[in-house]
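In what follows, a structure is listed as structure tokens, so that the remarks can point back to it.
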There are 2 protein chains.
Amino acid sequence: MGLSKTDNFTTEQNELAAFAKALGHPARVAIIEYLSTQANCVCGSIVDAIPLAQATVSQHLKELKNAGLIQGSIEGNSICYCLNPEKWKKFKQMLEPTFTHIEQPVCC
Amino acid sequence: MGLSKTDNFTTEQNELAAFAKALGHPARVAIIEYLSTQANCVCGSIVDAIPLAQATVSQHLKELKNAGLIQGSIEGNSICYCLNPEKWKKFKQMLEPTFTHIEQPVCC
DNA sequence: CTTCTTTATCGTATTATTGCAATAAGACAA
DNA sequence: TTGTCTTATTGCAATAATACGATAAAGAAG
């Protein structure tokens with residue numbers, strides 16, 4: 001139905017899915033990579049770095065913000081978008097069990 | 001347009017996005033968690049563990065398989081789905097720079 | 001106040017995703 | 001062969017996501 005049945009799953013499962021979904025687009029991956037390597041966090045610089053229209057980049061930033069992966073703060077006339085360390089720690093923590101599991105594959 | 005402009009991004013960015021996108025649904029998170037904790041990998045057991053119709057679960061399994069996060073092997077009359085360790089290692093490796101970066105937040 | 005800069009939102013077209021019933025396809029058993 | 005069990009595929013309806021031009025909103029600069 002195009003509508004995810006989130007009620008059938010745990011809060012944690014939904015949160016992990018939300019993190020992953022937010023990262024599930026190359027433009028948003030590029031934004032995160034940019035923020036991980038650049039000291040510059042001004043919105044306009046991100047827009048310049050991503051090969052999409054300003055409106056589209058703004059939309060992607062909004063989704064990353066909604067998922068909590070980035071946070072925005074007003075910096076004079078512009079806006080500074082930065083990674084949200086706590087959410088990323090949680091994201092990492094939720095992936096850890098699977099990352100650990102694949103070290104000793106037990107299956108077929 | 002509903003069509004991702006993947007051409008504008010690197011192969012790596014697209015691959016990371018594909019991994020993340022595959023994990024971007026609670027049902028698929030639940031499947032991965034199941035495979036990370038259960039020794040049982042038979043398709044039917046997964047279907048039983050996920051509160052969705054068989055056809056829907058089969059579709060989610062297909063997406064995880066397309067992304068490479070799981071692999072299926074014929075096991076007698078049924079099919080065994082397991083995590084693909086190599087792809088998960090790559091996934092982890094691609095997230096590492098950001099996981100590392102958030103240890104020393106340098107931004108606003 | 002006016003203008004410019006910066007970012008967000010709206011409207012819209014297009015395509016993708018989700019979900020399930022129904023059905024198909026394949027292997028195995030009798 | 002016939003039936004059963006297991007998994008995949010098809011077809012469809014409903015909803016979500018992607019992209020961008022146009023426009024709005026809010027400050028800064030003059």
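Here is the naming used below: chain letters follow the sequence lines, and residue numbers restart at 1 for every chain. This is a predicted model, so every value here is computed, not measured.
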Can you run down the side-chain hydrogen bond (donor to acceptor under 3.5 Å, both in side chains) pairs that involve residues 39-49 of chain A, sequence neighbours left out, and say none if there aren't any? Asn40(A)-Ser45(A)
Pairing residues for Thr6(A) by the side chain to side chain donor-acceptor pair (under 3.5 Å) criterion, not counting sequence neighbours: none
Report the end-to-end axis angle of the helix from dC1(C)-dG30(D) to dA30(C)-dT1(D); each axis comes from five terminal pairs, and the value is rounded to 10°. 20°
Measuring from atom OG1 of Thr98(B) to atom CD of Glu103(B), what distance do you get when rounded to the nearest 0.5 angstrom? 11.5 Å
Whole-Å gap separating C1' (dA14(D)) and CD (Gln59(B)): 14 Å
Under the side chain to side chain contact (heavy atoms under 4.5 Å, CB included) test, which residues partner Pro97(B), sequence neighbours left out? none
Within residues 77-86 of chain A or reaching into it, pairs that qualify as salt bridge (charged side-chain N to carboxylate O under 4.0 Å, His left out) - sequence neighbours excluded: none
Check whether any side-chain N or O of Lys5(A) sits under 4.0 Å from OP1 or OP2 of dC20(C), and answer yes or no. yes
Distance check needed: dT7(D) P versus Gln71(B) CD, whole Å only. 17 Å
Could you identify which residues of residues 8-16 of chain A place a heavy atom less than 4.0 Å from some atom of DNA chain D, listed by residue number, or say none? none
Tell me: CG of Asp48(B) to C1' of dT7(D), nearest whole Å? 13 Å
Within the pair His25(A) and dA19(D), is there a side-chain N or O less than 4.0 Å away from OP1 or OP2? yes
Between dA19(D) atom P and Leu61(A) atom CG, what is the distance in whole Å? 13 Å
Residues at least two apart in sequence or cross-chain that pass salt bridge (Lys or Arg N to Asp or Glu O under 4.0 Å) with Lys90(A), listed by chain then number, are Glu15(A)
What's the NE2-C1' distance between His60(A) and dA8(C), to the nearest Å? 15 Å
Residues forming a ring-ring contact (aromatic ring centres under 6.0 Å, His included) with Phe19(B), sequence neighbours excluded: Phe91(B)
Start at the 5' end of DNA chain D and walk down; is the nucleotide closest to Ser4(A) or to Ala27(A) reached first? Ser4(A)
Among dA16(C), dA16(D), dC20(D), the nucleotide that comes nearest once only the side chain of Ala53(A) is considered: dC20(D)
Sequence-distant partners of Glu33(B), salt bridge (Lys or Arg N to Asp or Glu O under 4.0 Å), two or more places apart: none
Looking at Leu35(A), Leu83(A), Ile32(A), which one forms a side-chain contact (heavy atoms from CB on, under 4.5 Å) with Leu64(A)? Ile32(A)
Could you tell me whether Lys21(B) contacts a base, only the sugar-phosphate backbone, or nothing, with contacts defined as non-hydrogen atoms closer than 4.0 Å? sugar-phosphate
With sequence neighbours excluded, tell me which residues meet side chain to side chain contact (heavy atoms under 4.5 Å, CB included) with Thr37(B). none
Which residue lies more 5' along DNA chain C, comparing Thr6(A) with Thr56(A) via nearest heavy atoms: Thr56(A)
Between C1' of dA25(C) and NZ of Lys62(B), the distance in whole Å: 14 Å
Can you give me every donor-acceptor pair (side chain of residues 20-31 of chain B, partner residue at least two apart or in another chain, under 3.5 Å) with its distance?
| unit_1 | atom_1 | unit_2 | atom_2 | d |
| --- | --- | --- | --- | --- |
| His25(B) | ND1 | Ala27(B) | N | 3.0 |
| His25(B) | NE2 | Ser4(A) | OG | 3.3 |
| Arg28(B) | NE | Ala22(B) | O | 2.6 |
| Arg28(B) | NH1 | His60(B) | ND1 | 2.9 |
| Arg28(B) | NH1 | Glu63(B) | OE1 | 3.4 |
| Arg28(B) | NH2 | Lys21(B) | O | 3.4 |

For Gly24(A) and for Gly76(A), find the nucleotide of DNA chain D with the closest heavy atom, then tell me which residue's nucleotide is more 5'. Gly24(A)
Could you state the atom-to-atom distance from CG of Asn66(B) to P of dT9(D) in whole Å? 10 Å
Here the distance between atom C1' of dT7(D) and atom CD of Glu63(B), to the nearest Å, is 17 Å
Which atom pairs link the protein and nucleotides 4-7 of chain C when you take only N or O atoms and keep those under 3.5 Å?
| unit_1 | atom_1 | unit_2 | atom_2 | d |
| --- | --- | --- | --- | --- |
| dT7(C) | OP1 | Ile79(A) | N | 3.1 |
| dT7(C) | OP2 | Gly44(A) | N | 2.8 |

Touch class at under 4.0 angstrom, heavy-atom based, for Ile74(A) against every strand present: nothing
So, does Thr100(B) use its side chain to make a donor-acceptor pair with the main chain of Glu96(B) at under 3.5 Å? yes
